[in-house]
Amino acid sequence: MEWWKDAVVYQVYPKSFKDSSGDGIGDINGITEKLPYIRELGADVVWLSPIYDSPQDDNGYDIRDYYKLLKEAGTMEDFDRMLLRAHELGLRIIMDLVVNHTSDEHVWFQESKKSKDNPYRDYYIWKEGKRQNTREGLDTSKEQAWGDEPNNWGSCYSGSAWEWDSTTKEYYLHLFSRKQPDLNWENVLVREEVYKMMRWWLDKGIDGFRMDVISLISKLPGYPDGEAGESGYTSFEVTANGPCVHEYLKEMNRKVLSLYDVMTVGECSGVTLEEAWKYAGAEEGELNMVFQFELMELDCENGIKWDLKPFDFIRMKKIFEKWQTGMYGKAWNSLFWNNHDQPRVVSRWGNDSGEYRELSAKMLASILYGMQGTPFIYQGEELGMTNPGLSIEECRDIETLRMYQERLEAGCSRAEIMRSVHAKCRDNARTPMQWDDSPNAGFSTGDPWMPVNPDYKTINAGAQLQDEDSVFHYYKKLIRLRKTYDVFRDGRFTMEYKEDPDIIWYTRTGEKESLRVICNFHELTREIKLPDNEEWGELLICNYPEIRKETELRPYEARMYLV
Ligand code: GLC
């Protein structure tokens with residue numbers, strides 16, 4: 001049954017969601033306590049970012065033991081209680097599946113690095129250095145030197161994706177930090193270990209997986225050099241959508257997923273439309289849907305997230321149109337503005353200063369929630385939470401800290417680097433959830449691991465639950481609408497006003513009814529015109545208390561009509 005087509009997913013970043021123990025770190029019992037809140041919003045599925053045992057080099061995306069939980073998160077009994085409570089409330093739980101890499105502290109890697117003939121050696125990707133035998137031209141004071149690595153692939157967190165290991169004098173691949181060695185999916189033993197672990201969690205009763213960087217699991221054969229950027233290294237995506245990725249996912253589906261009634265979504269950076277049909281095509285037997293990131297690159301120069309570029313609104317509309325029409329009838333979309341890796345959307349593309357924050361947050365939600373696909377809400381998005389403007393000392397994220405260091409060394413000014421940090425760093429999304437206006441926003445009675453955004457006195461769940469006009473209630477209403485009219489799920493998408501610099505207007509045409517979504521993206525008043533012989537239809541929702549004039553859109557005004 002394709003229940004996930006009607007579902008709305010709420011993403012919890014456990015570390016920052018709710019701390020029940022007072023140690024400043026969010027935990028499972030905190031999540032359990034807040035499940036009714038998520039239900040109240042109207043979401044059906046909770047996606048938990050990793051809560052597994054981990055040294056936390058990348059906040060849990062570096063897993064030491066897939067069968068254990070992080071001590072700070074709680075016990076397996078806590079987990080079982082949470083799962084039970086979720087199911088009682090009609091909520092499903094999906095877990096993050098991080099199997100492109102493990103932590104270097106995982107026992108497999110600990111074994112793998114011991115010797116070349118260790119049974120776990122081939123669980124990871126080991127290669128000789130290019131000039132290792134002669135070591136000609138190498139600075140021999142260091143064992144790893146630029147130019148000796150097996151190829152020029154770069155890590156997502158700056159520098160080479162290869163790390164020299166002095167015990168066996170070979171390099172291992174890590175597309176992320178050096179504490180996240182990549183697993184070797186060509187090894188059938190690795191695949192069987194992963195499937196076994198997935199079955200273990202599914203047998204416990206979880207309802208599916210969000211698959212971390214799943215498009216990276218199949219590496220390019222021969223490990224060729226790629227096109228390098230300024231740093232001398234390629235982007236970490238050089239090996240995305242590798243030759244065997246679909247074979248592996250089909251196998252995973254056959255051996256695991258097809259045996260359970262679950263939902264799956266694959267994180268697929270660098271995915272094209274054609275690739276997405278393969279990952280998520282209804283007939284393909286792989287995943288239910290993918291996250292694609294084309295929108296997230298809109299404000300990046302040459303695809304580099306830290307190189308800021310003015311946002312191109314027309315291009316954004318083209319991307320929406322491409323995915324809404326291109327996936328129609330072929331594969332299912334996911335819809336999201338935010339997650340734990342992205343800055344807060346109201347600060348990024350809305351207007352987070354004062355009077356327009358709520359209006360623009362609601363407008364952004366309206367754009368997305370009229371589309372076809374499964375929406376993902378990231379914790380706090382439903383409150384219109386904003387970027388906190390952290391100092392570099394307050395940042396915790398390895399990606400930001402490494403970039404900061406690298407750019408300083410390359411001679412960039414601090415001010416310029418901080419502009420990028422404020423706009424893009426992942427910690428923007430990771431400050432504690434703002435529950436109420438009590439100290440630490442009600443997140444923790446201890447000292448929070450990340451600072452709380454000082455705006456919590458005005459932006460918090462407690463206040464918004466009381467206020468029928470809040471962003472929270474607007475999201476709730478949008479979710480209810482999606483569940484009331486089939487056109488939200490099935491309607492065919494047409495983009496109108498394509499070249500308009502301020503307005504996004506699209507229609508969804510269903511069998512019984514059509515939906516018209518009209519939003520003003522900017523802080524100005526605009527005239528609009530309905531095509532001759534057409535009627536506006538029944539107003540389903542609007543982010544202003546009333547419509548002043550049908551043909552006029554005020555700043556950030558958003559409307560949905562049923563025709
Ligand atoms: C994904 C996660 C991100 C993590 C990375 C490495 O992109 O969303 O948070 O750092 O994978 O696992």
Side-chain angles (χ1 to χ4, degrees), residues 9 11-17 26 47-64 66 70 94-106 109 124 153-159 161 163 173-183 185 194 209-217 219 235-241 245 264-271 279 287 289-297 300 303-306 334 336-344 376 378-379 381 395-403 424-431 450:
V9 184
Q11 182 190 353
V12 167
Y13 196 66
K15 235 177 149 168
S16 303
F17 191 59
W47 151 26
L48 296 179
S49 277
I51 46 172
Y52 310 92
D53 176 38
S54 155
Q56 301 285 304
D57 188 53
D58 188 14
N59 275 342
Y61 283 90
D62 48 319
I63 298 174
R64 185 162 44 204
Y66 291 105
L70 181 71
I94 69 173
M95 303 272 281
D96 226 301
L97 181 77
V98 189
V99 289
N100 174 68
H101 44 266
T102 66
S103 161
D104 65 337
E105 297 181 27
H106 194 291
F109 190 75
Y124 296 86
W153 293 2
S155 143
C156 176
Y157 303 143
S158 311
E163 181 74 5
L173 180 71
H174 61 88
L175 294 176
F176 294 86
S177 94
R178 64 174 67 114
K179 285 186 65 61
Q180 293 167 294
D182 281 51
L183 282 166
W185 274 71
V194 169
F209 294 106
R210 174 268 186 184
M211 302 189 184
D212 190 62
V213 291
I214 202 72
S215 57
L216 301 180
I217 58 177
K219 311 302 191 234
S235 141
F236 73 102
E237 285 171 359
V238 66
T239 191
N241 310 305
V245 66
T264 53
V265 50
E267 188 196 22
C268 293
S269 52
V271 74
Y279 283 110
L287 306 175
M289 64 195 100
V290 297
F291 291 134
Q292 52 82 13
F293 292 88
E294 220 176 322
L295 272 186
M296 301 295 136
E297 285 163 17
C300 308
I304 299 172
K305 85 181 233 183
W306 304 110
S334 68
F336 70 95
W337 283 126
N338 270 118
N339 62 38
H340 63 292
D341 295 329
Q342 300 296 333
R344 295 282 179 184
F376 288 72
Y378 178 68
Q379 63 183 47
E381 177 186 337
C395 287
R396 295 282 172 274
D397 180 25
I398 177 170
E399 183 195 36
T400 305
L401 300 175
R402 299 223 27 203
M403 176 282 292
K424 291 293 183 64
C425 84
R426 304 195 294 185
D427 285 329
N428 278 316
R430 300 177 181 182
T431 58
M450 279 282 288

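One-based numbering, in listed order, for ligands and for the atoms of each. Predicted, not measured: the structure shown is a model, and the values here were computed from it.
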Original post:
Which residues satisfy the side chain to side chain donor-acceptor pair (under 3.5 Å) test with Lys15, sequence neighbours excluded?
Top reply: Gln56, Asn59

**OP:** Compute the ring centroids of Phe291 and Phe336, then answer whether they are less than 6.0 Å apart.
**Re:** yes

Original post:
Do the ring centers of Tyr66 and His106 come within less than 6.0 Å of each other?
Top reply: yes

Original post:
Does a side-chain N-to-carboxylate-O contact under 4.0 Å join Asp341 and Lys424?
Top reply: no

Original post:
Are the charged groups of Asp62 and Lys179 less than 4.0 angstrom apart, N to O?
Top reply: no

Original post:
Quick one: does Lys219's side chain get under 4.5 Å of Trp185's, heavy atoms only?
Top reply: no

Ligand 1 N/O to protein N/O, distances under 3.5 Å:
residue	atom	partner	partner atom	Å
ligand 1	7 (O)	Glu267	OE1	3.2
ligand 1	7 (O)	Glu267	OE2	2.9
ligand 1	8 (O)	Arg210	NH2	3.0
ligand 1	8 (O)	His340	NE2	2.9
ligand 1	8 (O)	Asp341	OD2	2.5
ligand 1	9 (O)	His340	NE2	2.9
ligand 1	9 (O)	Asp341	OD1	2.7
ligand 1	9 (O)	Asp341	OD2	3.4
ligand 1	9 (O)	Arg426	NH1	3.4
ligand 1	10 (O)	Asp58	OD1	3.3
ligand 1	10 (O)	Asp58	OD2	2.5
ligand 1	10 (O)	Tyr157	OH	2.7
ligand 1	10 (O)	Arg426	NH1	3.0
ligand 1	11 (O)	Asp212	OD1	2.9
ligand 1	11 (O)	Asp212	OD2	3.2
ligand 1	12 (O)	His101	NE2	2.9
ligand 1	12 (O)	Asp212	OD2	2.8

